[in-house]
Amino acid sequence: MLINWYKFTTYKRTHPKLFWGVSLSLVGVVYLKAWIPLTKISIPCPFHEWTGLYCPGCGVTRVILSLLKFDVIQAFRFNPLLFILAPLYMLYWITNKKQIRPLSQAIMAIMLILTVTFGILRNLPLFEYLAPTVIR
């Protein structure tokens, strides 16, 4: 048998965060690579559906799909905020783990300000290049 189910269930008890993280990631990859191409049914952004405006997270699914195809440029074009927030979140996580509270709180505040500002700017005509678009 390819999978030893006893070790699999033991791992669930000994490393629950890693187990659930990997499990949810696998479900996400199956959703993105199998469900959406086969059914053409995906989950739309409720904010965009209701208001017609782009939220700061609009384009994240397309970013992940582009990254799964190793198309980083297209992924950046769909949502550049993620490429700014990812290193900031790593810095936040490190400073929070090392108990450097003022710095971690400042980084969190910067990430929140960037997210709100990005959400507002991408809906203004002057910054329409921030909206998720296909470049090819």
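Fair warning: this is a prediction, and the values are worked out from it, not measured in the lab. Each residue takes its place number in the sequence, starting with 1.
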Do [X] and [Y] come close enough that some side-chain heavy atom pair is under 4.5 Å?
X: R101; Y: T95; answer: no
X: V72; Y: F83; answer: yes
X: C58; Y: R122; answer: yes
X: Y31; Y: S42; answer: yes
X: L103; Y: Y92; answer: no
X: F118; Y: N79; answer: yes

Quick one: do [X] and [Y] end up in the same hydrophobic cluster if we chain Ile, Leu, Val, Met, Phe, Trp and Tyr together by side-chain heavy atoms under 4.5 Å apart?
X: I36; Y: I41; answer: yes
X: L112; Y: L91; answer: yes
X: L81; Y: L126; answer: yes
X: L68; Y: L82; answer: yes
X: I64; Y: F76; answer: yes

So how far is it from [X] [atom1] to [Y] [atom2], rounded to the nearest 0.5 Å?
X: W35; Y: I43; atom1: CH2; atom2: CD1; value: 10.0 Å
X: L65; Y: Q74; atom1: CG; atom2: CD; value: 11.0 Å
X: L88; Y: M90; atom1: CG; atom2: CE; value: 11.5 Å
X: M111; Y: I84; atom1: CE; atom2: CD1; value: 12.5 Å
X: Q105; Y: I110; atom1: CD; atom2: CD1; value: 12.0 Å
X: K97; Y: I100; atom1: NZ; atom2: CD1; value: 13.5 Å

Within a reach of under 6.0 Å around OH of Y129, are more than 12 heavy atoms found that belong to other residues, nucleotides or ligands?
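Yes, OH of Y129 has more than 12 neighbouring heavy atoms, counting only those of other groups under 6.0 Å.
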
Using a cut-off of 6.0 Å, state whether more than 12 heavy atoms not belonging to K69 lie near its atom NZ.
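Result for NZ/K69: open.
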
Between G119 and P56, which heavy-atom pair has the shortest distance, and what is it?
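Scanning both residues completely, I find the closest heavy atoms to be CA-CG, 3.7 Å.
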
Which atom of G21 lies closest to which atom of S25, heavy atoms considered
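Result for this residue pair: O-OG, 2.8 Å.
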
Quick one: do V134 and F78 satisfy side chain to side chain contact (heavy atoms under 4.5 Å, CB included)? Show the steps, please.
CA-CA 7 Å; V134 176; F78 281 135; 4.0 Å; yes

Reference residue T117; test side chain to side chain contact (heavy atoms under 4.5 Å, CB included); the match among T115, L121, L114
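That would be L121.
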
